[in-house]
Amino acid sequence: MELEVRRLAPDDLPRLRQFWVEHWGADFMVAHGEIYRPEQLQGFVIEEDSEWIGLVTFIIKDHEMEVTSLDSLRAGKGIGTTLIDKVLEEARAKECQRLFLITTNDNLNALGFYQRRGFELSKLYRGAVNESRKVKPGIPLIGERNIPLRDEIELEMML
Ligand SMILES: CC(C)(COP(=O)(O)OP(=O)(O)OC[C@H]1O[C@@H](n2cnc3c(N)ncnc32)[C@H](O)[C@@H]1OP(=O)(O)O)[C@@H](O)C(=O)NCCC(=O)NCCS
């Protein structure tokens, strides 16, 4: 399947908010105590007909790129890989020294996915999800595979 990636445009903001509400329970993200809103972010999307089937968002600060969300709605078709390759290309073009992201302790799928693509575990924020839940009460207590959802794990790739 040929995957076409398009950069998010300002017009996409309402749809991005809606996508996050549907897939992450609110129109903002909380990571390591910081709140990220769609209007602060850049991103890439993959569409099928006009449906968004892949989305990655990111922010660049102090020569570092943080991936703030990654979603694929069609598992195992290369969508996640294509989007990570795209942000990596962007990070290099913008001369970032580090690419990093946060995932949660229950997300074994994502922990494997990122490490297979060259990311390394770099930080553990113990109990950070419990803190995030105070500003985003929709975050469940129990995450994937029945694992208590408590901690944030940072993964990084030095560029
Ligand atoms: C993590 C996530 C983004 C992966 O997306 P995906 O589209 O399934 O990823 P891919 O299809 O690129 O890769 C998944 C597997 O399918 C395989 N695959 C199948 N067909 C493929 C193809 N045509 N091209 C490339 N890979 C293919 C890959 O080899 C890969 O296996 P591997 O990791 O053992 O190498 C997705 O599971 C997801 O959205 N999860 C929910 C949200 C989430 O957890 N986000 C990340 C937390 S921040």
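Computed from a predicted structure; not experimentally measured. Both counts, for ligands and for their atoms, begin at 1 and track the order of listing.
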Short N/O distance, under 3.5 Å, between [X] and ligand 1?
{"X": "G76", "value": "yes"}
{"X": "T81", "value": "yes"}
{"X": "T103", "value": "no"}
{"X": "L70", "value": "yes"}
{"X": "N107", "value": "yes"}
{"X": "R117", "value": "yes"}
{"X": "Y114", "value": "no"}
{"X": "G80", "value": "yes"}

Does either side chain, that of W20 or that of D71, offer a donor lying less than 3.5 Å from an acceptor on the other one?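 Side chains of W20 and D71: no pair found under 3.5 Å.
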Exercise: do Y36 and E66 side chains pair donor with acceptor under 3.5 Å: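 Distance-only check passes for Y36 and E66.
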Derivation and outcome, side-chain contact (heavy atoms from CB on, under 4.5 Å), residues I35 and Q40: CA-CA 10 Å; I35 293 183; Q40 303 170 274; 5.7 Å; no
Within-shell test, L101 vs ligand 1, heavy atom, strictly < 4.0 Å: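 It does not, in that no heavy atom of L101 comes within the 4.0 Å cut-off of ligand 1.
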Between [X] and [Y], is any pair of side-chain heavy atoms under 4.5 Å apart?
{"X": "Q42", "Y": "T57", "answer": "no"}
{"X": "T104", "Y": "D151", "answer": "no"}
{"X": "F113", "Y": "L70", "answer": "yes"}
{"X": "L149", "Y": "N105", "answer": "yes"}

Short list, please: which atoms of ligand 1 are under 4.0 Å from a heavy atom of [X]?
{"X": "D71", "answer": "39 (O), 42 (C)"}
{"X": "R74", "answer": "7 (O)"}
{"X": "I79", "answer": "7 (O), 11 (O), 12 (O)"}
{"X": "N109", "answer": "1 (C), 37 (O)"}

So which of S69, S72, A75, G78 gets nearest to atom 26 (N) of ligand 1, if we judge by its closest heavy atom?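 Shortest heavy-atom distance from atom 26 (N) of ligand 1: G78.
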Is it true that R15 and E22 have a side-chain N and a carboxylate O under 4.0 angstrom from each other?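 Salt bridge absent between R15 and E22.
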Parallel, tilted or perpendicular: which one describes the rings of Y114 and F119, with boundaries at 30° and 60°?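 Ring orientation, 0 to 90° scale: perpendicular.
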